[in-house]
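Below, each value reflects all heavy atoms present in this structure, side chains not excepted, and no hydrogens, waters or symmetry copies. Counting convention: from 1, in listed order, for ligands and their atoms alike. Residues: numbered from 1 along the sequence shown.
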Amino acid sequence: MENKRIEAVVFDLDGVITDTAHFHYLAWKQLAQELDIVIDEAFNERLKGVSRMDSLELILQEGNRQNDFNQAEKEEMAAKKNAHYCEFLKELTPDDVLPGIPELIAAIQEEGIPIGLASVSKNAGTVLKALRLEEAFDYCADAAKIRKSKPDPEIFLTACGGLGADPSRSIGIEDAQAGIEAIKGSGMFAVGVGESLTKTDYKVAATAELNWEKMKAVYNRY
Ligand code: BG6
Ligand code: MG
């Protein structure tokens, strides 16, 4: 069978390239505790792919404290969470790139296909630097310029635009349900990492199973 053209592959960062999704969770949990709000890993699934301020709103709602704080206080809380998160980032090294990711990036590069990053994290640059992966990405959608969190497709459309790629001929890789919705909303082929994800075009349980040849075979039949 003839191979269908792939114009770009766009990766999510937190939870796909490295396990910073867990650091985000620990940092939010610490802040939530200070507010007497209990969050667990199941609740945390709803925070994945969601911007810092939107995540804070969801946590305040969870504790029924959504009307207790003004904007300045909320910004202070978000900054506190970010300070906790940045403490965790200090521990990040190139060894923390998730299994299968270096091989996948190398295989895509070998075919000359542009690689993009679609992360709503304002810490994305710091994370890529710590992992020594800055060179791997041809274009990173600038989180500071994105107006809407995933599940809105804006960030994936921005990444494809920056790479000069047609979204309908491009692949997005995500570990969050909001991210899968964003990929599908942009018209891309959605690869999911995580058993519980729905609406994916191709799904694996963990990054170690992300095999480029298999992914292309499913994309070709799509
Ligand atoms: C996303 C994470 O990548 O970035 C979210 O999945 C996080 O959990 C969001 O809230 C924003 O990150 P940051 O680093 O700007 O607070
Ligand atoms: Mg993620």
Side-chain angles (χ1 to χ4, degrees), residues 9-32 39-62 74-92 96-98 100-101 104 116-131 133 137 140-156 158-159 172-184 188 190-197 199-200 203-207 210:
V9 180
V10 179
F11 287 78
D12 169 48
L13 176 67
D14 296 317
V16 171
I17 302 284
T18 186
D19 196 16
T20 34
H22 190 62
F23 291 162
H24 278 294
Y25 169 58
L26 294 177
W28 280 126
K29 202 174 165 64
Q30 213 167 320
L31 181 88
I39 61 167
D40 59 14
E41 300 234 28
F43 173 80
N44 186 57
E45 284 304 307
R46 290 173 45 204
L47 304 183
K48 289 186 176 175
V50 175
S51 74
R52 197 180 304 168
M53 291 311 282
D54 289 351
S55 297
L56 176 65
E57 290 296 342
L58 289 174
I59 291 168
L60 293 177
Q61 277 168 27
E62 177 70 7
K74 286 180 186 172
E75 267 156 32
E76 204 175 298
M77 287 189 267
K80 214 169 180 187
K81 179 268 175 177
N82 193 50
H84 295 324
Y85 179 65
C86 290
E87 277 303 308
F88 291 119
L89 288 190
K90 287 185 188 162
E91 299 164 21
L92 210 62
D96 294 308
V97 177
L98 283 168
I101 295 295
L104 179 63
L117 190 80
S119 171
V120 297
S121 171
K122 293 183 175 138
N123 292 295
T126 308
V127 172
L128 286 185
K129 206 167 173 192
L131 300 174
L133 270 184
F137 294 88
C140 298
D142 185 348
K145 294 202 183 101
I146 298 299
R147 291 178 39 217
K148 300 177 204 127
S149 270
K150 299 167 188 175
D152 191 281
E154 182 185 16
I155 195 158
F156 281 95
T158 303
I173 308 179
E174 263 289 352
D175 71 315
Q177 190 58 44
I180 296 292
E181 318 271 344
I183 295 173
K184 291 314 294 170
M188 298 167 80
V191 175
V193 180
E195 302 271 22
S196 63
L197 297 173
K199 302 185 204 161
T200 58
K203 183 166 74 174
V204 293
T207 56
L210 284 170

Val50 heavy atom under 4.0 Å from ligand 1: yes
Side chain or backbone, does [X] bring an N or O within less than 3.5 Å of an N or O on ligand 1?
X: Arg52; result: yes
X: Asn123; result: yes
X: Lys48; result: no

Out of all atoms in ligand 1, which are within 4.0 Å of some heavy atom of [X]? Include the element for each.
X: Ser121; result: 4 (O), 11 (C), 12 (O), 13 (P), 14 (O), 15 (O)
X: Lys122; result: 13 (P), 14 (O), 15 (O)
X: Ser55; result: 10 (O)

Polar side-chain atom of Lys184 near backbone of Lys199 as donor-acceptor pair, under 3.5 Å: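 Flag not set: sc Lys184 to bb Lys199 has no pair under 3.5 Å.
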Heavy-atom nearest neighbour in the protein, as seen from atom 8 (O) of ligand 1, with distance rounded to 0.1 Å: Leu47 O, 3.4 Å
Nearest-neighbour protein heavy atom for atom 6 (O) of ligand 1, which is reported as residue plus atom name and distance: Gly49 N, 2.8 Å
Option whose closest heavy atom lies nearest to atom 1 (C) of ligand 1, chosen from Val127, Asp14, Leu56: Asp14
Heavy-atom closest pair, residues Glu154 and Arg147: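 Here Glu154 and Arg147 meet closest at OE1-N, 2.9 Å.
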Number of protein N/O/S atoms that sit closer than 2.8 Å to the Mg ion (ligand 2):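 Considering protein N, O and S only, the Mg ion (ligand 2) has 3 within range.
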